[in-house]
Amino acid sequence: MKNNRTILKSFFLISSIGIICHSSYIFALTDLEERYPTVGAANPAVPQKVVQKAAGKPSIKTSASLLFGYDNNIRLDHYDGVGSLFFQEAVGISGRYPINTTFTLRGSYNLTAINYLRASDPNLVDNLFDVGIDTKIGDNIVWSMDYRPDIVDLPHDQLGKYTEQRFETSLRQDISKRIYQKIIYGLSTRHYPKWAIRNNGGVFRFGNRNDLRNTVTHQIGFYLTDKVFLKEDNTFYYNHSNEQYLRYYDYKNYLTTTTLIHFTTKKLYETANFTYQYTSYDKRSVSDRQEKERENLFTFGGSVFYDITSYFTVGTTFNYRKNLSNEGTHNYNDYIISGGAYCRF
């Protein structure tokens, strides 16, 4: 359980503080486990056409960021949480090639490293790849398919390292110039090469842990005014694991996130977000009574960004979250504050 919570913690950190800004549009990292959300593929928070109107030359963009911050509960402990300063470094490259007016090829690679100063077990190195194709099937509808391998390494916690293979398909509709919606289905597997599985009696057996996850997401975004943008994401997924002992990692998860973006000027903008996550475990029982474990996670956050130039942005982010569980030892509070610089080339 400790290893699983370490993984969850690190992915929350990436999704919470890893916001990359590009040309005054905000790209927020997703996949909340959250892409720890993976540092990966950026999702535009404002409506924009995915497929260009005409064939064109390939385009390549690169990015880099360096963040410094403080996390007051790095292991998500219920009792005496340990706080630590940390550094997060990230680099990325992405490319697009519009084949014609219908098809556009995409690809990207993102590397993220997180290092804590007070403890080493939460440290992480994440390599995320993405290859995909966008197909324009109407004047305002785009069908996308993606393959996303993700290699997550915890150098000082080998049990928690894993490789994920994710296949994803989505439909995006630009309802108007101010409103868009998107529905996404994802199928992913996670292989834990150092995690030996156990049977129902707790006896280790031949083989390593593998998880299968089915995910459905609906996203809608629209401008309330010319300077205020609102985005709502709702995600449901089911995780099934071959770790049989107590069926500890079989669960259903519902996640809803509301993000508000305000453009004070062309260079200064702020974000506010609220997330609620409900987790229902199939078989995991709480320790002091006969009932299945349930968790309710609430997250509140905000950021301020300033574009010094079109290629260089500085920003600061604060996130607070509180987990309420009927398993008392899994209740915790946590906050993260960070600041740093983002470069685009």
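Comment: D334 does not engage R75 in a salt bridge, judged by the lack of any side-chain N to carboxylate O separation of less than 4.0 angstrom. Ion pairing of R148 with D150 is absent here, as no side-chain N (NZ or NE/NH1/NH2) approaches a carboxylate O to less than 4.0 Å. A salt bridge does not link D250 with K283: none of the charged nitrogens is closer than 4.0 Å to a carboxylate oxygen. Note on D211 versus R213: no salt bridge recorded, every NZ/NE/NH1/NH2 to OD/OE distance being 4.0 Å or above. Ion pair D174/R172 flagged as a salt bridge, since at least one NZ, NE, NH1 or NH2 atom sits closer than 4.0 Å to an Asp/Glu carboxylate oxygen. Taking 4.0 Å as the cut-off between side-chain N and carboxylate O, R106 and D146 count as a salt-bridged pair.
For the residue pair D134 and S144, the shortest heavy atom distance occurs at OD1-OG, 2.6 Å. Of all heavy-atom pairs spanning S84 and I74, the tightest one is CB-CG2, 3.9 Å. Nearest heavy-atom pair across N326 and K292 is ND2-O, 2.9 Å. Contact record, Y342 with G315: CE1-N, 4.2 Å, taken as the closest heavy-atom pair. Pairing each heavy atom of P149 with each of Q165, the nearest pair is CB-OE1, 3.9 Å. Summarising the geometry of Y332 relative to L76, their closest heavy-atom pair is CE1-CD2, 3.7 Å, with the distance given to 0.1 Å.
Looking only at side-chain heavy atoms (C-beta outward), R96 and S94 stay at 4.5 Å or farther from each other. With contacts defined as side-chain heavy-atom distances shorter than 4.5 Å, the pair H218/Q181 qualifies. The closest side-chain heavy-atom distance from R178 to F222 is not below 4.5 Å. Using a 4.5 Å heavy-atom threshold, the side chains of V152 and L128 count as separate. Looking only at side-chain heavy atoms (C-beta outward), N242 and N208 stay at 4.5 Å or farther from each other. At a threshold of 4.5 Å between non-hydrogen side-chain atoms, the residues I308 and V314 count as touching. Using a 4.5 Å heavy-atom threshold, the side chains of Y281 and T279 count as touching. For the pair K136/T101, no side-chain contact is recorded, criterion being any heavy-atom separation below 4.5 Å from C-beta on.
At distances below 3.5 Å, not a single donor-acceptor pair connects side-chain atoms of N210 with backbone N or O atoms of T189. Not a single donor-acceptor pair under 3.5 Å links the side chain of N214 to the backbone N or O of Y238. Counting only distance, with no hydrogens or angles, the side chain of T316 and the backbone of S338 share a donor-acceptor pair below 3.5 Å.
Atom-to-atom distance recorded for T104:OG1 and Y97:OH is 10.0 Å, nearest 0.5 angstrom. Q219 CD to E232 CD: the interatomic distance, rounded to the nearest 0.5 Å, is 10.0 Å. Taken from CD1 in I261 to OG1 in T271, the straight-line distance is 7.0 Å, to the nearest 0.5 Å. Separation of atoms OG (S188) and CZ (R166) is listed at 5.5 Å; rounding is to 0.5 Å. A distance of 9.5 Å separates CZ of F103 from CG of L105, quoted to the nearest 0.5 Å. Rounding to the nearest 0.5 angstrom, the gap separating the CG atom in L66 from the CD atom in E89 is 6.0 Å.
Ring to ring, Y254 and F236 are not that close: their centroids are 6.0 angstrom or more apart.
Looking at R190, R198, R209 one by one, the single match for salt bridge (Lys or Arg N to Asp or Glu O under 4.0 Å) with E243 turns out to be R198. Tested against W195, the residues Y248, Y249, Y162 include a single ring-ring contact (aromatic ring centres under 6.0 Å, His included) partner, Y249. Partner of T217 under the side-chain contact (heavy atoms from CB on, under 4.5 Å) criterion, out of T235, N234, L255: T235 alone. The residue from E327, E293, H330 that alone fulfils the side-chain contact (heavy atoms from CB on, under 4.5 Å) condition with S287 is E327.
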Verdict with reasoning, Y335 to N73, per side chain to side chain donor-acceptor pair (under 3.5 Å): CA-CA 7 Å; Y335 73 82; N73 190 358; over 6 Å; no
Run the side chain to side chain contact (heavy atoms under 4.5 Å, CB included) test on I197 and Y192 for me, step by step, so that the C-alpha distance in whole Å, both residues' side-chain angles and the decisive distance to 0.1 Å come before the verdict. CA-CA 10 Å; I197 58 176; Y192 296 79; over 6 Å; no
Before giving the answer on side chain to side chain donor-acceptor pair (under 3.5 Å), spell out for S280 and R294 the whole-Å C-alpha distance, their side-chain angles and the decisive distance to 0.1 Å. CA-CA 5 Å; S280 171; R294 303 288 185 266; 3.3 Å; yes
I'd like to know whether N331 forms a side chain to side chain donor-acceptor pair (under 3.5 Å) with H78, so could you lay out the CA-CA distance, the side-chain angles of the two residues, the decisive distance to 0.1 Å, and finally the verdict. CA-CA 5 Å; N331 293 319; H78 171 61; 5.0 Å; no
Is there a side chain to side chain contact (heavy atoms under 4.5 Å, CB included) between Y180 and K231 once you walk through the steps? CA-CA 10 Å; Y180 82 96; K231 184 163 70 78; 3.4 Å; yes
Assess whether side chain to side chain contact (heavy atoms under 4.5 Å, CB included) is satisfied between W143 and I133, documenting all intermediate values. CA-CA 8 Å; W143 173 38; I133 184 169; over 6 Å; no
Where do V91 and T62 land on the side chain to side chain contact (heavy atoms under 4.5 Å, CB included) test, with the steps shown first? CA-CA 8 Å; V91 294; T62 58; over 6 Å; no
Side chain to side chain donor-acceptor pair (under 3.5 Å) between T313 and D307, intermediate numbers included: CA-CA 4 Å; T313 299; D307 291 339; 2.6 Å; yes
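Placement of Y70 and F318 within a single hydrophobic cluster is found when ILVMFWY residues are connected by side-chain heavy-atom separations under 4.5 Å, directly or transitively. The hydrophobic cluster containing V228 does not contain L268, counting ILVMFWY residues as joined when their side-chain heavy atoms lie under 4.5 angstrom apart, directly or transitively. Connection of V82 to Y116 is established within a shared hydrophobic cluster, with ILVMFWY side chains joined at heavy-atom distances below 4.5 Å, either directly or through further cluster members. Under the 4.5 Å side-chain heavy-atom criterion for grouping Ile, Leu, Val, Met, Phe, Trp and Tyr, M145 is not connected to F167 through any hydrophobic cluster. Residues L224 and I175 share a hydrophobic cluster, clusters being chains of Ile/Leu/Val/Met/Phe/Trp/Tyr side chains in contact below 4.5 Å.
At most 12 heavy atoms of other shown residues, nucleotides or ligands fall within 6.0 angstrom of atom OH in Y311. Applying the 6.0 Å contact sphere to CD1 of I137 captures more than 12 heavy atoms from other residues, nucleotides or ligands.
A donor-acceptor pair shorter than 3.5 Å cannot be found between the side chains of N273 and T259. Looking at N333 and Y320, their side chains do bring a donor and an acceptor atom within 3.5 Å of each other. No side-chain donor-acceptor contact under 3.5 Å links Q88 and T112.
Cation-pi check for R284 over Y251 is not met; the charged atom does not lie both under 6.0 angstrom from the ring centroid and within 45 degrees of its normal.
Note: Y276 and F298 have tilted aromatic rings, judged against thresholds of 30 and 60 degrees for the angle between ring planes.
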